[in-house]
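Remember, predicted model here, so these are calculated numbers, not experimental data.
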Amino acid sequence: MRIGNVRGRPWLITGEAEGIDIHEASGHRFGPDLPALYERWEEFTDWASAAAGERAGFTPADLGAPSPNPRQVFAIGLNYYGHVQEAGLEVPTEPSVFTKYVSSFAGAEAQVALPPGTVDWEVEIAVVIGRTARHVAAGDAWSHVAGLTVGQDLSERGLQLAGAPPQYSLGKSFPGFGPTGPYLVTPDEFADPADLELGCVLNGEPVQKARSTEMVFSVDVLIEKLSRVTTLLPGDVMFTGTPAGVGAVRTPPRFLAPGDELVSYVEGIGSIRQTFLAADAERSGS
């Protein structure tokens with residue numbers, strides 16, 4: 001099934017730009033917000049298999065982040081072989097883990113103000129946790145996943161790489177730098193949730209394209225490794241890394257500019273779209 005965050009409320013998506021308000025259709029049993037839904041995910045999925053209710057429409061601008069207020073956000077660096085190669089680095093033997101602060105989250109369509117510096121793109125598959133996970137083996141990991149969504153790990157490279165150690169989390173957490181959407185899609189919707197095409201297109205030009213089988217650490221292995229250390233909670237979000245094609249390693253380097261449009265997609269989920277404006281335009285309200 002597909003779940004959308006429509007104007008801050010969880011909807012069961014039933015068709016193109018239409019769905020059912022879960023809180024209303026369940027007689028106020030589930031919801032009214034997304035965090036409450038993930039806390040009762042197993043109970044909700046049992047109900048949703050036979051759910052019925054009044055259908056209504058929405059627009060892409062109505063779609064917020066599928067998990068807008070996670071208690072924990074994990075992000076994985078250097079997790080595609082092609083990206084490791086283009087960066088000129090060695091393949092990691094353990095996941096490189098950082099975070100994106102929740103205030104950077106945005107929905108499927110958003111305007112993003114570009115801070116001073118060099119802002120790069122990184123399309124990713126984002127995982128939302130549906131069941132508490134602690135010491136979970138890789139073979140059981142997918143049963144703890146609520147679903148997958150499209151993520152874009154926007155990164156201001158100057159701040160990200162400043163200092164020793166570098167400021168990965170800060171450089172990736174400006175407002176709007178963590179858009180996800182358009183929907184959460186449950187693993188059973190895919191022929192193989194571990195083998196999906198992902199990519200992004202800048203002003204109509206493809207700049208990234210890969211398959212998730214090219215990950216160094218697959219989703220199930222990441223859940224196993226993270227849950228050995230910390231407890232993964234319902235609604236937590238994990239950005240699983242980006243493939244080759246980022247702007248910083250191009251010759252010459254290429255970065256986002258005001259007026260650019262970036263479309264990121266994942267096979268079987270859909271796409272999200274960001275447009276960019278100068279930071280002074282954001283402050284002036286234009």
Side-chain angles (χ1 to χ4, degrees), residues 1-11 13 15-19 34 57-70 73 75-76 80 100-114 119-128 146-156 172-186 189-190 193 196-212 235 237-243 245-247 256-277:
M1 64 182 166
R2 295 169 176 260
I3 304 297
N5 175 357
V6 180
R7 297 182 291 273
R9 295 169 68 94
W11 282 36
I13 306 304
E16 185 69 30
E18 72 169 19
L34 276 296
F58 58 86
T59 69
D62 293 327
L63 293 169
S67 183
N69 302 110
V73 181
I76 312 300
Y80 279 76
K100 290 177 76 75
Y101 298 113
V102 176
S103 59
S104 71
F105 274 29
E109 292 205 1
Q111 286 190 325
V112 180
L114 292 169
V119 179
D120 207 345
W121 56 84
E122 294 191 6
V123 65
E124 310 208 3
I125 295 172
V127 175
V128 178
L148 306 178
T149 191
V150 183
Q152 177 57 238
D153 180 18
L154 294 169
S155 307
E156 198 288 292
K172 293 168 173 280
S173 291
F174 286 91
F177 271 33
T180 56
Y183 312 118
L184 176 97
V185 181
T186 54
E189 287 283 314
F190 304 101
L196 302 174
E197 182 180 307
L198 69 161
C200 67
V201 178
L202 177 60
N203 299 329
E205 176 190 348
V207 289
Q208 288 185 285
K209 182 179 178 180
R211 299 199 71 84
S212 56
V237 175
M238 178 172 62
F239 287 78
T240 57
T242 197
V246 300
L256 294 166
D260 282 347
E261 178 188 74
L262 185 68
V263 177
S264 308
Y265 67 88
V266 176
E267 176 186 358
I269 300 176
S271 63
I272 60 176
R273 182 175 69 93
Q274 283 71 51
T275 54
F276 298 90
L277 62 154

Query raised in the report: Yes or no on side-chain contact (heavy atoms from CB on, under 4.5 Å) for N5 and W11, after CA distance, side-chain angles and deciding distance?
Result: CA-CA 6 Å; N5 175 357; W11 282 36; over 6 Å; no

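- Shown here for A65 and A106, the closest heavy-atom pair between the two residues is CB-O, 3.7 Å.
- Annotation: side chain of V150 is not in contact with side chain of S271 (no heavy-atom distance under 4.5 Å).
- The backbone N or O of A126 sits nowhere less than 3.5 Å from a side-chain atom of T149 that would complete a donor-acceptor pair.
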Requested in this report: List the steps and the verdict of side-chain contact (heavy atoms from CB on, under 4.5 Å) for V112 and L277.
Outcome: CA-CA 6 Å; V112 180; L277 62 154; 5.7 Å; no

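- Side-chain atoms of D120 never come within 3.5 Å of backbone atoms of S155 as a donor-acceptor pair (strictly under, hydrogens ignored).
- Heavy-atom minimum distance, A108 versus P182: CB-CA, 3.9 Å.
- At distances below 3.5 Å, not a single donor-acceptor pair connects side-chain atoms of E261 with backbone N or O atoms of T275.
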Requested in this report: Check the pair Q208, T242 against side-chain contact (heavy atoms from CB on, under 4.5 Å), reporting the backbone distance first and the verdict last.
Outcome: CA-CA 9 Å; Q208 288 185 285; T242 197; 2.9 Å; yes

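- Considering only heavy atoms from C-beta on, L198 comes within 4.5 Å of Y80 through its side chain.
- Between I125 and S212, the closest heavy-atom pair is CD1-CB, 3.7 Å.
- The existence of a salt bridge linking E156 and K172 is excluded, since no basic side-chain nitrogen approaches an acidic carboxylate oxygen closer than 4.0 Å.
- By the 4.5 Å heavy-atom criterion applied to side chains, W121 and V201 are not counted as neighbours.
- Applying the side chain to side chain contact (heavy atoms under 4.5 Å, CB included) test between V207 and each of L202, V246, V123 identifies L202 as the sole match.
- Without hydrogens or angle criteria, S104 side chain to P175 main chain gives no donor-acceptor distance under 3.5 Å.
- The shortest side-chain heavy-atom distance between L184 and R2 does not fall under the 4.5 Å cut-off.
- Looking only at distances, a side-chain donor or acceptor of K100 sits under 3.5 Å from a matching main-chain atom of F177.
- Put simply, the side chain of Q152 reaches to within 4.5 Å of the side chain of E122, judged on heavy atoms.
- For the pair P179 and G176, the tightest heavy-atom approach, listed with the atom from each and the gap, is CD-O, 3.3 Å.
- Side-chain contact check for E197 versus Y265: some heavy-atom pair is nearer than 4.5 Å.
- In this structure, Q274 and E109 have side chains that are not in contact, with every pair of non-hydrogen atoms separated by 4.5 Å or more.
- Annotation: the span from E267 atom CD to L148 atom CG amounts to 11.5 Å, rounded to 0.5 Å.
- Looking only at side-chain heavy atoms (C-beta outward), T180 and S67 stay at 4.5 Å or farther from each other.
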Requested in this report: I would like to know whether F239 and V73 meet side-chain contact (heavy atoms from CB on, under 4.5 Å); could you show each step before the answer?
Outcome: CA-CA 8 Å; F239 287 78; V73 181; 4.1 Å; yes

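- The closest donor-acceptor contact from the side chain of D62 to the backbone of R7 lies at 3.5 Å or more, if one exists at all.
- Smallest separation of non-hydrogen atoms from L114 and L256: CD1-O, 3.8 Å.
- Proximity of a side-chain donor or acceptor of S264 to a complementary backbone N or O of I272 within less than 3.5 Å is not detected.
- In this structure, the separation between CD1 on I269 and CG on L196 is 6.5 Å, given to the nearest 0.5 Å.
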